[in-house]
A.B. asks: 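Provided herewith is a single structure, encoded as structure tokens, for subsequent inquiry.
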Amino acid sequence: MTQTKIAVIGGSGLYEIDGLTGAEWVTVETPWGAPSDAILTGTLDGVDMAFLPRHGRGHVHSPSTVPYRANIDALKRLGCTDVISVSACGSFREAMAPGDFVIVDQFIDRTFAREKSFFGTGCVAHVSVAHPTCPRLGDACETAAKDAGIAVHKGGTYLAMEGPQFSTLAESKMYRESWGADVIGMTNMPEAKLAREAELCYASVAMITDYDSWHPDHGEVDVTAIIATLMGNADKGRNLVARLPALLGADRAPCPHGCDRALEFAILTQPDARDPALMAKLDAVAGRML
Ligand SMILES: CSC[C@H]1O[C@H](OP(=O)(O)O)[C@H](O)[C@@H]1O
Ligand SMILES: Nc1ncnc2[nH]cnc12
């Protein structure tokens, strides 16, 4: 048994959480640069918590410039075991309406201007992301959402686009009709891939704000309408998060899906061929294996 430490990465509209005992914003330095912001730490129902606003307080970072590697490294460095991403998303499904939440379980990665791995020349690793989210953590998020009275959909494919502009109508229709995506956002990739490399359980809660641009009755996506829905969603998101510690508990059994052992057979570079400088940077992410 290890101690649970729940990390929450708050997306657009979710820049802090309340109710933590011993709440303190801590600055964490990483070999990958500075995270998006300081990290709010404390305990909730006796469970350690860490909250990181993805875009920084005041919404400073764009989806392309969020320091994804520093964020995941910092959470790992703080001893987090589980990461819950809470994000604003557009919907490609009539039934997934604005105000509803979706427990995402798959991704299509269309991002192209971001660093996507902690590994590279001097230490090559290939982890599986066939199942990029943790079912145990996703189940807890679904239960928490239901307990909070939120309309929640279990399972959905998240299309990660580069942004910052929203999709064209042709793209919106293609993602929905040909590619089978359910929701769209700009940030969960490479975040989920990096969490897997860092052997962290990762779940993604999509808070629906709009129907993107495909819906004949809703016209094109518009940030003013998104922000209006975002505020109500953020309150629901905080309510969901507040229920997670009681559901997950302070004592943590190994992940039954192997998220916390993802690197076990993934590193291909032989020990004598590894780059000492890169190995030093991997001290938190891959420390268990080095
Ligand atoms: C507020 S509209 C677009 C913006 O919102 C989402 O952010 P996050 O995923 O961090 O909640 C989306 O990905 C865009 O960054
Ligand atoms: N329609 C949309 N496309 C991309 N990111 C979003 N975030 C919220 N709504 C979105």
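Heads up: numbering here begins at 1 and tracks the sequence. As the structure lists them, so they are numbered: ligands from 1, and atoms in each ligand from 1.
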A.B. asks: Less than 4.0 Å between a side-chain N and a carboxylate O, is that true for Asp139 and Arg136?
C.D. replies: no
A.B. asks: Of all the atoms in ligand 2, which lie at a distance below 4.0 Å from a heavy atom belonging to Ala88?
C.D. replies: 7 (N), 8 (C)
A.B. asks: Show your reasoning for whether side-chain hydrogen bond (donor to acceptor under 3.5 Å, both in side chains) applies to Arg69 and Thr30.
C.D. replies: CA-CA 9 Å; Arg69 292 192 297 187; Thr30 89; over 6 Å; no
A.B. asks: Starting from atom 6 (C) of ligand 2, locate the nearest protein heavy atom and write down its residue, its atom name and how far away it is, to 0.1 Å.
C.D. replies: Ile184 O, 3.7 Å
A.B. asks: With heavy-atom distances below 4.0 Å as the criterion, list the atoms of ligand 2 near Asp210.
C.D. replies: 1 (N), 2 (C), 8 (C), 9 (N), 10 (C)
A.B. asks: Is there a side-chain contact between Glu220 and Leu169 in this structure, where contact means two heavy atoms from C-beta onward sitting under 4.5 Å apart?
C.D. replies: no
A.B. asks: Could you tell me if the side chain of Glu171 sits less than 4.5 Å from the side chain of Arg110, heavy atoms only?
C.D. replies: yes
A.B. asks: Compute the shortest N/O to N/O distance between Gly90 and ligand 2 and return yes if it is under 3.5 Å, no if not.
C.D. replies: yes
A.B. asks: For atom 5 (N) of ligand 2, which protein heavy atom lies nearest, and how many Å away is it?
C.D. replies: Gly185 CA, 3.5 Å
A.B. asks: Using a 4.0 Å cutoff against the non-hydrogen atoms of Ile226, which atoms of ligand 2 qualify?
C.D. replies: 9 (N)
A.B. asks: Under a 4.0 Å heavy-atom limit, does Asp212 contact ligand 2 with its side chain, its backbone, both, or neither?
C.D. replies: both
A.B. asks: Under a 4.0 Å threshold between the charged nitrogen and the carboxylate oxygen, would Asp82 count as salt-bridged to Arg252?
C.D. replies: yes
A.B. asks: May I ask you to identify the nearest protein heavy atom to atom 8 (C) of ligand 2, giving residue, atom name and distance to one decimal place in Å?
C.D. replies: Thr209 OG1, 3.3 Å
A.B. asks: Please list all pairs meeting ring-ring contact (aromatic ring centres under 6.0 Å, His included) that have one or both residues in residues 20-50, counting only residues at least two apart or in different chains.
C.D. replies: Trp32-Phe118
A.B. asks: Measuring from each atom of ligand 1, which residues have a heavy atom under 4.0 Å away?
C.D. replies: Gly11, Ser12, Arg54, His55, Pro63, Ser87, Ala88, Phe166, Gly185, Met186, Thr187, Ile226
A.B. asks: Can a salt bridge be assigned to the pair Glu142 and Lys146 using a cut-off of 4.0 Å between side-chain N and carboxylate O?
C.D. replies: yes
A.B. asks: If the threshold is 4.0 Å, N to carboxylate O, is there a salt bridge linking Asp283 and Arg77?
C.D. replies: yes
A.B. asks: Which is it for Cys89 and ligand 2 at heavy atoms under 4.0 Å: side chain, backbone, both or neither?
C.D. replies: backbone
A.B. asks: List every atom of ligand 2 that sits less than 4.0 Å from any heavy atom of Met186, numbering the atoms from 1 in the order shown and giving each element.
C.D. replies: 4 (C), 5 (N)
A.B. asks: Is any side-chain heavy atom of Leu263 closer than 4.5 Å to one of Val127?
C.D. replies: yes
A.B. asks: Does one hydrophobic cluster hold both Leu75 and Leu20, with members joined at side-chain heavy-atom distances below 4.5 Å?
C.D. replies: no
A.B. asks: So which heavy atom on Asp182 is nearest to which on Gly156, and how close?
C.D. replies: OD2-CA, 3.3 Å
